[in-house]
Amino acid sequence: MRKFMTLLAVALLSVIVGSAQTQTISGKVIDSKDGSPIAGATIKVIGENTSVVSAADGSFRITPKSGNTLKISEISRISQTVKYNGSGELVVQLVLETKALSEVVVTALGVKRNKNDLGYAAQTINADEISKASQTDALKALSGKIAGVQVISSTGTPGGSTYIQLRGANSITGDNQPLFVIDGVPIDNGQNYSGDPSDGTNNLLTGAPNANRGADINPNDIENITVLKGPAAAALYGIGAANGAIIITTKTGKAGKTQVEFSSTVSFDKVNRYPGLQNQWVKGSGGAIGSFPSSNRYSWGAMADTLLWTDVPNEFDIHGSLVGKSDGKGKTKFVPYDNMKSFFRTAPSFTNSISFSGGNDIATYRMGYTNLYQNSIVPTQFFQRNSLSFAGSL
């Protein structure tokens, strides 16, 4: 009998201890800022298959063991863990989590949207990529950076126009360029036939004439360039964006951060390769030297290494006439002219830029000035641009 009573006491003690270890508790999940209830939050016992979801008023009931850890999470808030120590009702406050979007695109109305939410193609290059291109023309910096963008330079002359097409031509007689928008303001990148903007005569059939206004954009002022290639871009900017749109966003100041930036660069342009020339024979045919006034177009005259200059200047050449070595009038060895190497030159270009930016919680500002002086490999040709910009926001 005594043995039976002992076993019964042990069994009752085990039941009492077991019930003490597991207890159904109630709790509430609220917002940390205004105390409003949070519905749909998940309360899970870590290491167990026990979990519940908070009701519309934020309340919940769960049965953990003493010493278990509860994880409370909600999709828009920072998760919390709470160790259950056997106490009564739990009140858990969750903090709203702010997540930065990885890729943001500024639409026509200035509204930032997640790039993945757009129904049209958009690609962006930032200021660093534009700077690495080392181009004085911001539009030329797009070459090779964005798929489907065709960049055509009218000439190697400084200040020459840049013609851009997105995904080919849509019109035979009209302008096939995309719409250019700088900080929400459209600009005309139309082609001027004469190069003079006041001329008003557009050469729409040729892809790249002498000059257009894209050359006025200062690359140092650009924050990023977004290219909208889909036809849906017309829904944002109208018929002017039927060929797509190039959205240029310029740099602005940042609150609480005052900066002074200065840069000075020098670059050199030179002819990469000259064509080969036939310098073995001079003008003429049949081994006979063609005279200066002769209209003979053949280059099969005498061998160049058998000729001398007379050193008597005439109206055609300061070195005089060409004669054979056997002729007693020859004085100086004849060296064929290389007119191209004598004409083209190595051309330096200079860019000096300075900017000031800053602001506070109320307003920000940025002011910049850039001077560009670009020489050409062709003597007497040059391009000079002075850019002054100011941007402010409240």
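Closest approach of I225 and I222 over heavy atoms only: CG1-CG2, 3.8 Å. For the pair P336 and A304, the tightest heavy-atom approach, listed with the atom from each and the gap, is CG-CB, 4.3 Å. Taking both residues in full, the closest heavy atoms of N314 and G320 are given as ND2-C, 3.4 Å, listed atom of the first, atom of the second, then distance. Smallest separation of non-hydrogen atoms from K283 and S291: NZ-O, 3.1 Å. Contact record, D311 with P313: O-CD, 3.5 Å, taken as the closest heavy-atom pair. Heavy-atom minimum distance, S51 versus I62: CA-CD1, 4.4 Å.
A side-chain donor-acceptor contact under 3.5 Å links S54 to the backbone of I38. Here the side chain of S294 pairs no donor or acceptor atom with the backbone of G290 at under 3.5 angstrom. No donor-acceptor pair under 3.5 Å is formed between the side chain of K251 and the backbone N or O of A391. Checking side-chain atoms of N68 against main-chain N and O of K65 turns up a donor-acceptor pair under 3.5 Å.
Counting heavy atoms from C-beta on, the side chains of L166 and N243 never come closer than 4.5 Å. In this structure, W281 and S299 have side chains that are not in contact, with every pair of non-hydrogen atoms separated by 4.5 Å or more. Between L308 and T332, the closest side-chain pair of non-hydrogen atoms is not below 4.5 Å. Residues I289 and L307 meet the side-chain proximity criterion, which asks for heavy atoms closer than 4.5 Å. Side-chain atoms of R61 and T24, non-hydrogen and from C-beta on, do get closer than 4.5 Å to each other. A 4.5 Å side-chain heavy-atom check between I125 and L142 finds at least one atom pair inside the cut-off. V82 is listed as a side-chain neighbour of I72, based on a closest heavy-atom distance under 4.5 Å. With contacts defined as side-chain heavy-atom distances shorter than 4.5 Å, the pair E223/T250 does not qualify.
Atom CD in E74 sits 12.5 Å away from atom CD in Q80 (nearest 0.5 Å). Atom CD1 in I46 sits 6.5 Å away from atom NZ in K71 (nearest 0.5 Å). Rounding to the nearest 0.5 Å places CG of N220 at 8.5 Å from OG of S355. Rounded to the nearest 0.5 angstrom, Q374 CD and R385 CZ are separated by 8.5 Å. Taken from CD1 in I164 to NZ in K140, the straight-line distance is 9.5 Å, to the nearest 0.5 Å. With values rounded to the nearest 0.5 angstrom, N224 atom CG is found 10.0 Å from E129 atom CD.
With no hydrogens or angles considered, no side-chain donor-acceptor pair links S73 and T42 at under 3.5 Å. Of the N and O atoms on the side chains of S376 and Q381, at least one donor lies less than 3.5 Å from an acceptor on the other residue. Judged purely by distance below 3.5 Å, without hydrogens or angles, the side chains of T226 and T124 pair a donor atom with an acceptor atom.
Residues Y274 and L277 fall within the same hydrophobic cluster, defined by Ile, Leu, Val, Met, Phe, Trp and Tyr side chains chained together at heavy-atom separations under 4.5 Å. The cluster map of Ile, Leu, Val, Met, Phe, Trp and Tyr, joined by side-chain heavy atoms under 4.5 Å apart, puts I246 and V151 in the same cluster. Both M367 and V260 are members of a single hydrophobic cluster when ILVMFWY side chains are connected at heavy-atom separations under 4.5 Å. Note: the hydrophobic cluster containing Y373 does not contain I377 (ILVMFWY, side chain heavy atoms under 4.5 Å, direct or indirect links). Both L388 and I354 are assigned to one and the same hydrophobic cluster, defined by single-linkage of ILVMFWY side chains at heavy-atom distances under 4.5 Å.
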**OP:** Step by step, work out the side-chain contact (heavy atoms from CB on, under 4.5 Å) result for N375 and R345.
**Re:** CA-CA 10 Å; N375 285 295; R345 62 177 180 173; 3.9 Å; yes
Original post:
Going through the distances and angles, do I182 and I217 end up as a side-chain contact (heavy atoms from CB on, under 4.5 Å)?
Top reply: CA-CA 9 Å; I182 302 179; I217 304 172; 4.0 Å; yes
**OP:** Let me see the working for L70 and L90 under side-chain contact (heavy atoms from CB on, under 4.5 Å), right down to the final yes or no.
**Re:** CA-CA 11 Å; L70 304 179; L90 292 177; 3.6 Å; yes
Subject >> Pair R77-D31, salt bridge (Lys or Arg N to Asp or Glu O under 4.0 Å): steps then yes or no >> reply: CA-CA 9 Å; R77 290 171 169 81; D31 185 86; 3.1 Å; yes
**OP:** Could you walk me through whether V312 and K331 pass the side-chain contact (heavy atoms from CB on, under 4.5 Å) test, one step at a time?
**Re:** CA-CA 9 Å; V312 179; K331 301 294 183 183; over 6 Å; no
Subject >> side chain to side chain donor-acceptor pair (under 3.5 Å) between T364 and S393, worked out >> reply: CA-CA 5 Å; T364 60; S393 62; 2.6 Å; yes
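Taking a 6.0 Å sphere around CG of D34, one finds it holds more than 12 heavy atoms contributed by other residues, nucleotides or ligands. Remark: N386 CG is packed, more than 12 non-hydrogen atoms of other residues, nucleotides or ligands lying under 6.0 Å away.
Ion pair R366/D221 flagged as a salt bridge, since at least one NZ, NE, NH1 or NH2 atom sits closer than 4.0 Å to an Asp/Glu carboxylate oxygen. Under 4.0 Å is where a charged nitrogen must lie from a carboxylate oxygen, and between D57 and K28 no such pair does.
Pairs engaging residues 328-372 under the ring-ring contact (aromatic ring centres under 6.0 Å, His included) rule: W309-F334 [sequence neighbours left out]. For residues 253-267, the side-chain hydrogen bond (donor to acceptor under 3.5 Å, both in side chains) pairs, not counting sequence neighbours, are S264-N352.
For the side chain to side chain donor-acceptor pair (under 3.5 Å) test, residues two or more places apart in sequence or in another chain that qualify with T370 are N218, S353.
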